[in-house]
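Because only heavy atoms are used, hydrogens play no part in the values below, and waters and symmetry mates are left out as well, while side chains stay in. By convention here, the first residue in the shown sequence is residue 1. We count ligands from 1, going down the list as the structure has it; atoms in each ligand are counted the same way.
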Amino acid sequence: MDTYTGELDSGIRSNDESSPGGNSDWNKEFGFDYYYPIVSRSPLIKDILSLVKKVAKSNASILIQGETGTGKELIASLVQFISSRSHQPFIKVNCAALPETLLETELFGHEKGSFTGAYKTGYGKFEQADKGTLFLDEIGDMNLSMQAKILRVLQDQEFNRVGGNKPIRVNVRIITATNKDLWNEIQKGNFRDDLYYRLNVVTINVPPLRERKEDIPLIAEFFRRKFASELRKNSRGYTEETMNLLKNHSWPGNIRELKNLVERAVLMVDDGKMITPGDLYFSGKDYFAAGGTDRRKDVITIDDENSNLKLDSLERKAIIKALETSNWIQKDAAKLLGVSARSLNYKIKYHNITHSSWKKNT
Ligand SMILES: Nc1ncnc2c1ncn2[C@@H]1O[C@H](COP(=O)(O)OP(=O)(O)OP(=O)(O)O)[C@@H](O)[C@H]1O
Ligand SMILES: [Mg+2]
């Protein structure tokens with residue numbers, strides 16, 4: 001049988017397969033600790049790691065930009081880990097998760113009695129991060145008035161707790177991350193340019209997985225070993241066909257998507273067997289785009305193997321099956337198929353699918 005086991009020993013040190021850290025040769029070369037498992041062989045990532053090594057020890061603010069799941073938080077942790085602040089606090093705040101008033105008290109704390117229920121002084125994340133590093137995640141989602149407050153701390157290194165008038169001084173290194181293009185947000189008037197210049201003393205752009213395809217087999221193998229050991233499964237590797245599907249997938253969710261997919265595949269595969277396309281679960285459109293054929297056998301039944309294996313016919317079946325499952329509500333069927341309602345509507349017309357519950361076929 002064609003099997004995929006290659007490209008490993010040059011990338012992951014195999015005598016410690018259960019370790020969560022990819023002790024890749026150049027991780028060693030860079031002197032990184034294996035608790036920071038950045039597995040990669042891409043020159044783009046190598047450049048990022050050289051940059052990280054250069055700037056980590058300074059106090060420079062670092063802005064990390066990249067699509068979802070590309071490893072921004074991992075890189076932020078790495079900066080902290082090799083910085084001279086590594087023994088000081090590393091505090092993370094997700095700026096998109098909280099409404100403005102809550103975010104303000106979360107970051108700056110509050111004085112006792114500043115609002116009903118404030119029985120004692122609350123220390124915000126800036127104070128908690130004093131002498132250490134504050135990681136502001138999803139900074140692109142912060143509104144303009146909070147941005148002004150952050151700018152003030154960066155300029156003056158001081159702030160007031162909510163309800164307080166005594167300036168508090170802190171010494172905090174700021175790392176920010178966003179999956180938005182901040183420059184674009186500035187053009188749209190959503191982000192302050194003066195704050196941007198403060199935050200991006202150093203900018204790190206993390207490339208999406210589809211722009212570093214050489215990482216796909218390596219990371220897939222890394223996670224296969226990790227999950228096999230965690231789940232105590234005897235998984236033997238990927239068939240070549242499976243690896244080709246992985247390589248051709250577009251990975252809109254990047255490393256996180258790959259990691260989840262591998263975890264599920266290791267869970268699904270029979271003990272002692274190789275991972276086959278049937279063990280993979282992509283969203284529909286990406287699966288077909290990657291050239292897959294038989295994975296959705298639980299969703300579509302192919303009655304006549306020979307005549308129905310055409311992509312068009314499979315697509316029509318998948319659409320009808322999804323519509324049936326979702327009571328012919330197109331919006332829900334689109335979700336099931338992993339496509340936009342608009343493109344499903346287009347496909348429905350293309351395949352000339354109609355249903356009595358629809359007024360007309362729109
Ligand atoms: N090069 C890599 N090697 C191994 N694991 C990685 C790598 N890059 C990312 N990961 C893993 O992928 C997952 C997503 O990474 P992370 O949370 O850092 O992404 P992110 O860019 O912050 O995503 P989001 O924008 O959605 O917050 C994590 O489990 C992380 O450990
Ligand atoms: Mg993140």
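Of the candidates His110, Glu127, Glu104, Arg161 forms a side chain to side chain donor-acceptor pair (under 3.5 Å) with just one, namely Glu127.
Near Gly71, the atoms of ligand 1 lying under 4.0 angstrom from a non-hydrogen atom of the residue are 8 (N), 9 (C), 15 (O), 16 (P), 18 (O), 19 (O), 20 (P), 21 (O).
Residue Phe135 does not touch ligand 1, judged by heavy-atom distances below 4.0 Å.
Looking at Lys72, Lys180, Gln65 and measuring to atom 21 (O) of ligand 1, the nearest heavy atom belongs to Lys72. Nearest to atom 30 (C) of ligand 1 by heavy-atom distance, out of Leu74, Asp215, Leu78, is Leu74. Here atom 26 (O) of ligand 1 lies nearest to Thr68 when heavy atoms of Ile255, Thr68, Ile45, Val39 are compared. When Lys259, Glu138, Glu67, Arg256 are ranked by how near their heavy atoms come to atom 28 (C) of ligand 1, first place goes to Lys259.
Ring geometry for Trp328 versus Trp358: interplanar angle over 60°, hence perpendicular rather than tilted (30 to 60°).
Around the CG atom of Asp271, the shell of radius 6.0 Å holds more than 12 heavy atoms that belong to other residues, nucleotides or ligands.
In terms of N/O distances under 3.5 Å, ligand 1 is approached by Glu73. Considering both main-chain and side-chain atoms, Gly69 comes within under 3.5 Å of ligand 1 through a nitrogen or oxygen pair.
Relative to the six-membered ring of Phe223, Lys226 misses at least one condition, a distance below 6.0 Å or an angle of at most 45° to the axis.
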Inset, instruction - Apply ring-ring contact (aromatic ring centres under 6.0 Å, His included) to Phe108 and Phe126, showing your working. - result: CA-CA 6 Å; Phe108 303 119; Phe126 269 99; 5.5 Å; yes
Inset, instruction - Carefully, step by step, assess Lys180 and Glu138 under the rule salt bridge (Lys or Arg N to Asp or Glu O under 4.0 Å). - result: CA-CA 8 Å; Lys180 293 194 171 159; Glu138 316 291 0; over 6 Å; no
